[in-house]
Amino acid sequence: MGWLRDNWLDAVIFVLFALVVAGVVLFLTGVNPFARPPASPAQATPAQTPPPASQTPPQTPTTANPPVQVIPVLPKAPSETSPPTPAPAATQPTPASPSPAATQTPRPAPATGSWRVAVGAFSDAANANRLADSLRAQGYAVQLEPAGSVTRVVLGPFPSEERARAVAQGLSQYETRVYRGTVPTNPPSSMNNASRYLQVGAFRNSASAEALVSQLKAAGYPVVLAREGELIRVRVGPLSEDRLEATKSALRGLGLSPLEVR
């Protein structure tokens with residue numbers, strides 16, 4: 001003990017050196033004196049056994065499901081449903097619905113028959129011409145006829161009274177009259193039969209006809225219009241026998257060439 005008391009520093013250094021050498025040896029040999037002993041295999045196996053038990057049951061239904069016999073049936077189903085494709089063609093009759101609507105709106109009828117529809121009569125021939133242009137733009141067959149001192153706007157002729165009345169109903173905003181022949185039934189007093197007229201011009205352009213109408217009305221002449229095909233005929237009248245020759249001379253003085261018509 002006296003030696004240890006006198007040489008304790010050397011003893012400590014020796015112990016430390018011995019520990020370092022022992023640590024190097026353990027490191028090189030891979031021995032870890034502080035590691036816990038591994039768990040016994042008997043304890044590890046029971047924890048691992050349940051998972052395979054849980055996995056095995058889902059495999060059994062999958063093996064039962066593989067007989068997918070629906071797959072061969074599916075290609076047959078489209079082949080059977082493909083023939084009924086013509087069925088949509090049966091739904092195409094829907095466009096036929098507009099046809100009744102089209103029949104309800106009277107449109108121009110063939111220029112045959114003897115039934116007519118009088119839409120109006122105007123003392124101002126320019127107003128009659130404007131109405132005729134408006135109806136013609138809608139597709140109606142329009143005629144301008146002199147009726148006494150007024151110009152009558154007439155639609156037709158139509159092949160039957162039913163067709164003429166259908167057209168008149170579509171123009172209920174006007175005072176329409178359905179008649180047969182050349183004179184409407186129960187005409188107003190202003191629509192009496194004309195005696196004689198002097199035709200002073202025929203135009204394809206309605207604006208040119210209205211310009212001549214304005215010139216004649218400014219001179220104090222009664223003017224009516226008559227339409228035959230594409231020509232608008234400007235006529236002065238009706239005139240009595242005693243005024244006929246005097247009116248002819250006056251119109252020639254305006255540079256016009258009057259032609260007597262009835």
Side-chain angles (χ1 to χ4, degrees), residues 105-109 111 116-158 164 167-168 170-179 181-184 187-240 243-262:
T105 57
R107 285 304 176 192
R116 302 170 187 267
V117 178
V119 180
F122 301 86
S123 59
D124 188 349
N127 292 337
N129 191 42
R130 293 189 188 96
L131 176 58
D133 289 342
S134 175
L135 294 173
R136 193 174 297 107
Q138 299 177 37
Y140 294 100
V142 187
Q143 295 181 1
L144 295 176
E145 299 177 352
S149 59
V150 299
T151 299
R152 189 168 61 207
V153 181
V154 179
L155 304 182
F158 299 99
V167 173
L171 299 172
S172 58
Q173 67 271 30
Y174 303 103
E175 295 182 0
T176 57
R177 288 181 175 83
V178 177
Y179 65 96
T182 57
V183 180
S189 59
S190 61
M191 295 176 66
N192 51 13
N193 292 332
S195 54
R196 294 176 182 270
Y197 296 90
L198 293 176
Q199 182 171 303
V200 293
F203 305 90
R204 293 182 183 273
N205 188 351
S206 60
S208 301
E210 291 183 10
L212 181 56
V213 169
S214 300
Q215 178 184 354
L216 293 171
K217 290 183 71 67
Y221 293 101
V223 185
V224 295
L225 296 179
R227 188 178 186 96
E228 298 177 3
E230 296 182 355
L231 290 179
I232 303 174
R233 304 181 186 275
V234 181
R235 297 174 179 177
V236 175
L239 301 171
S240 59
R243 293 183 54 194
L244 191 61
E245 294 300 326
T247 304
K248 283 183 181 180
S249 300
L251 292 174
R252 290 191 185 100
L254 296 176
L256 301 174
S257 300
L259 176 63
E260 183 178 348
V261 294
R262 291 182 181 273

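- Separation of atoms OG (S249) and CG (L244) is listed at 9.5 Å; rounding is to 0.5 Å.
- Taking all atoms of both residues into account, the shortest heavy-atom contact from T151 to L225 is OG1-N, 2.9 Å.
- Using a 3.5 Å distance cut-off with no hydrogens or angles, the side chains of Q199 and R235 do pair a donor with an acceptor.
- The CG atom of L216 lies 4.5 Å from the CG atom of L212; values are rounded to the nearest 0.5 Å.
- From R196, atom CZ reaches atom OG1 of T247 across 12.5 Å, with rounding to the nearest 0.5 Å.
- The backbone N or O of S172 lies less than 3.5 Å from no partner atom in the side chain of T176, so there is not a single donor-acceptor pair.
- Proximity of a side-chain donor or acceptor of Y197 to a complementary backbone N or O of G148 within less than 3.5 Å is detected.
- Y179 approaches E145 most closely through the heavy-atom pair OH-OE1, 3.9 Å.
- Proximity of a side-chain donor or acceptor of S214 to a complementary backbone N or O of E210 within less than 3.5 Å is detected.
- When all heavy atoms of L198 and E260 are compared, the closest pair comes out as CD2-CA, 3.8 Å.
- Applying the 6.0 Å contact sphere to CD of E230 captures no more than 12 heavy atoms from other residues, nucleotides or ligands.
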#### Entry: CA sep, side-chain torsions, deciding dist, call: R136, D133, salt bridge (Lys or Arg N to Asp or Glu O under 4.0 Å)
CA-CA 5 Å; R136 193 174 297 107; D133 289 342; 2.9 Å; yes

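- Atom OH in Y221 sits 5.5 Å away from atom CG in L254 (nearest 0.5 Å).
- Contact detail for P258 and K248: the closest heavy-atom pair is CG-O, 3.8 Å.
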